[in-house]
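In this text the structure is predicted, and so the values were computed from the model without any measurement. The figures here come from the full heavy-atom set of this structure, side chains too, leaving out hydrogens, waters and symmetry mates.
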Amino acid sequence: MECSVKRTLWLQGAKNEARKLNHKEVVEEDKRLKLPTNWEAKKARLEWELMTDEKKKECAAKGEDYDRVKLLEISAEDAERWERKKKKKNPDPGFSGYAEAQLRQYQRLTKQIKPDMDGYERQREQCGEDFHPTSNSLIHGTHVPSKEGIDRMVEDVEKQIEKRAKYSRRRAYNDDADIDYINERNAKFNKKAERFYGKYTAEIKQNLERGTAV
């Protein structure tokens, strides 16, 4: 009888403990469901930033360069994987349109710009209050570019001209050429066939045009 009572009490205690654990899990799950969808990524990002800040403070206290220490801790496999990921993330799409080409040219040129702080200060002193023009300022059109700036522009334009000269230009349309195609796709096929087999079929083609083919 005593064993039966002990067993009953033990089962009730286990049942209550399981009920508490289940309730705790339900509460935790409800909290997780109420969090934003990208909470895990944000949490990982915040933890990484905190760890980075702690590492920077530690390096500063030791008088070490954080970037150098960080590079020493990166393995060759990780560096290679990040490089592949970087190339995959920003592939070269080639020419897809004039607007995209213009944007890429703009981005390339802006990356090459190096601020000239000395020139900035000189121009600021020369212009005085007109350095930040208002509606009453008459500074428009008075700026004279430096010789170094003109030389850089000329060098860049010459590089663009040289690069364009290497492009293959579109062949001009010949109005006097014979029309032996029914559409653009057929025209390309005929040109390709003529390039590979034209010398073998020249006589047959001439006989067909004269009407003397057997």
Handout entry: Selection residues 44-57 - residue pairs positive for salt bridge (Lys or Arg N to Asp or Glu O under 4.0 Å), sequence neighbours left out
Key = Arg45-Glu49, Lys55-Glu73

Exercise for the section: Check the hydrophobic clustering (I, L, V, M, F, W, Y; side-chain heavy atoms under 4.5 Å; chains of links allowed) and say if Ile113 and Tyr120 are grouped together. Expected result: no

Handout entry: Chi angles and distances behind the salt bridge (charged side-chain N to carboxylate O under 4.0 Å, His left out) call for Arg104, Glu100
Key = CA-CA 6 Å; Arg104 291 175 61 189; Glu100 289 79 4; over 6 Å; no

Handout entry: Salt bridge present between Glu155 and Lys159 (N-O < 4.0 angstrom)
Key = yes

Exercise for the section: Answer yes if the side chains of Gln105 and Arg108 hold a donor-acceptor pair under 3.5 Å, and no otherwise. Expected result: yes

Fill in the blank from the handout: The reported gap from CG in Asp116 to NZ in Lys114 (rounded to nearest 0.5 angstrom) is 11.5 Å

Exercise for the section: Give a yes or no on this: more than 12 heavy atoms of other residues, nucleotides or ligands lie within 6.0 Å of atom CD of Glu162. Expected result: no

Completion exercise
Rounded to the nearest 0.5 angstrom, the NZ-CG distance for Lys188 and Asn183 is 10.5 Å

Exercise for the section: List for me each residue that meets salt bridge (charged side-chain N to carboxylate O under 4.0 Å, His left out) alongside Lys147, sequence neighbours excluded, and say none if there are none. Expected result: Asp151

Problem - Side-chain donor-acceptor contact under 3.5 Å, Asp156 with Gln160 - result: yes

Handout entry: From Phe196 atom CZ to Lys191 atom NZ, the distance as rounded to the nearest 0.5 Å
Key = 14.5 Å

Problem - Under 3.5 Å: donor-acceptor pair, side chain of Ser146, backbone of Gly149 - result: yes

Exercise for the section: Flag yes if more than 12 heavy atoms outside Gln102 fall under 6.0 Å of its CD atom; otherwise flag no. Expected result: no

